[in-house]
S.K.: 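Just passing along the structure, written as structure tokens.
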Amino acid sequence: QVLLVESGGGSVQAGGSLRLSCDTSRVRYRLASMGWFRQAPGKEREGVAGIDPDGRTTYGDSVKGRFTISRDSAKNTLYLQMNSLNPEDTAMYYCAAAPGRLYYGGSLKTTDYNYWGQGTQVTVSS
């Protein structure tokens, strides 16, 4: 059963922007810490951004100042706004949820999350 559904990926040139969305309507969203992760071919999955139920956020060093994570409780949707994209951002991006868990400021650890989406591909060309 797929509980999280990502969308918004695609191909973009370096310097461009994309906004990813994650439908979380099947998860107890209001009480969940949420996160975005990415995985490039041959590399480990890495944390991109995390957000706790109160909206506090944390970011990976490589995306600070360029990416913004946000959540719309009314729409049960998690977002990742990605600006100033570069080829190193090319990866499969995954949404993750940890219902009932409060990681203050969010978490970038894959082991902190127990629900995952199937991913959306982001490709940035130079």
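Here the structure is a predicted model, which means the values were calculated and not measured. Throughout, residue positions are numbered sequentially from 1 according to the sequence presented.
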S.K.: Evaluate V5 against Q118 for side chain to side chain contact (heavy atoms under 4.5 Å, CB included), listing each step before the verdict.
M.R.: CA-CA 7 Å; V5 181; Q118 294 183 319; over 6 Å; no
S.K.: Applying the side-chain contact (heavy atoms from CB on, under 4.5 Å) criterion to I69, which one of V48, L20, T57 satisfies it?
M.R.: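 Only one option passes, and that is T57.
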S.K.: Taking all non-hydrogen atoms of both residues, which atom of D89 and which atom of S84 are closest, and how far apart?
M.R.: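 Result for this residue pair: OD2-O, 4.3 Å.
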S.K.: Taking the side chain as every heavy atom from C-beta outward, state whether W116 and T110 have any pair of such atoms under 4.5 Å apart.
M.R.: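 Of all side-chain heavy-atom pairs linking T110 with W116, at least one is under 4.5 Å.
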S.K.: Less than 4.5 Å apart, any side-chain heavy atom of R71 and any of M34?
M.R.: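 Yes, their side chains come closer than 4.5 Å.
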S.K.: State whether the side chain of N86 and the backbone N or O of E88 hold a donor-acceptor pair below 3.5 Å, judged by distance alone.
M.R.: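 It does hold such a pair.
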S.K.: With the threshold set at 4.0 Å, does a side-chain nitrogen-carboxylate oxygen contact exist between D23 and K75?
M.R.: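 Salt bridge between D23 and K75, a charged N being under 4.0 Å from a carboxylate O: no.
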S.K.: Grab the two heavy atoms, one from F37 and one from S107, that are nearest each other, plus how far apart they are.
M.R.: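 Looks like CZ-O, 4.3 Å.
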S.K.: For K43 and Q39, which heavy atoms make the closest approach, and how far apart are they?
M.R.: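 For K43 and Q39, the tightest heavy-atom pair comes out as O-NE2, 3.1 Å.
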S.K.: Does any part of the side chain of P53, heavy atoms only, come nearer than 4.5 Å to the side chain of L102, both counted from C-beta?
M.R.: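 Yes; the side chains approach each other to less than 4.5 Å.
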S.K.: If I take atom CE from residue M82 and atom OH from residue Y93, how far apart are they, to the nearest 0.5 angstrom?
M.R.: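 One gets 5.5 Å once the value is rounded to the nearest 0.5 Å.
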S.K.: Of all heavy-atom pairs between C95 and L4, which one has the smallest distance, and what is that distance?
M.R.: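 Heavy atoms of C95 and L4 come nearest at O-CD1, 3.6 Å.
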S.K.: Taking S33's backbone N and O only, do any of them form a donor-acceptor pair with D52's side chain (distance below 3.5 Å, no angle check)?
M.R.: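 No: the side chain of D52 does not pair with the backbone of S33.
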S.K.: Taking the side chain as every heavy atom from C-beta outward, state whether L78 and W36 have any atom pair closer than 4.5 Å.
M.R.: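 Side chain of L78 against side chain of W36, heavy atoms only: contact under 4.5 Å found.
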S.K.: Just verifying a value: how many Å separate S62 OG and E46 CD, rounded to the nearest 0.5 Å?
M.R.: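 So the OG of S62 and the CD of E46 are separated by 5.0 Å.
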S.K.: Should L108 and V63 be regarded as members of a common hydrophobic cluster, given that ILVMFWY residues are connected when their side-chain heavy atoms come within less than 4.5 Å of each other, either directly or indirectly?
M.R.: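 No, because L108 and V63 fall into different hydrophobic clusters, even though each may have its own neighbours under 4.5 Å.
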S.K.: Is it true that Y113 and Y79 fall in one hydrophobic cluster, defined by side-chain heavy atoms closer than 4.5 Å?
M.R.: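 Unlinked, Y113 and Y79 end up in two clusters.
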S.K.: Indicate yes or no: at least one non-hydrogen side-chain atom of V12 is less than 4.5 angstrom from one of T123.
M.R.: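 The answer is no; the side chains never approach within 4.5 Å.
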S.K.: Less than 4.5 Å apart, side chain to side chain, heavy atoms only: is that true for E6 and Y94?
M.R.: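 When only atoms from C-beta onward are counted, Y94 and E6 do touch, with a gap below 4.5 Å.
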S.K.: Would you say the side chains of N83 and S17 form a donor-acceptor pair under 3.5 Å?
M.R.: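 The criterion, which ignores hydrogens and geometry beyond distance, is satisfied for S17 and N83.
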S.K.: Are V122 and F67 connected in a single hydrophobic cluster, I mean Ile/Leu/Val/Met/Phe/Trp/Tyr linked by side-chain heavy atoms less than 4.5 Å apart?
M.R.: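 Linked within one cluster.
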S.K.: Are T120 and R38 packed together at the side-chain level, in the sense that at least one heavy-atom pair is separated by less than 4.5 angstrom?
M.R.: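 Of all side-chain heavy-atom pairs linking R38 with T120, none is under 4.5 Å.
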S.K.: To check you understand the geometry: which heavy-atom pair defines the closest contact between R101 and D112, and what is its length?
M.R.: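 Nearest pair, atom of R101 first, then D112: NH1-O, 3.1 Å.
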S.K.: Return the minimal non-hydrogen interatomic distance between V27 and A97, and the atom names on each side.
M.R.: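 Shortest heavy-atom separation between V27 and A97 comes out as CG1-CB, 4.1 Å.
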S.K.: Answer whether the closest heavy-atom distance between the side chains of S125 and S11 falls below 4.5 Å.
M.R.: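 Heavy-atom side-chain distance check fails, nothing below 4.5 Å.
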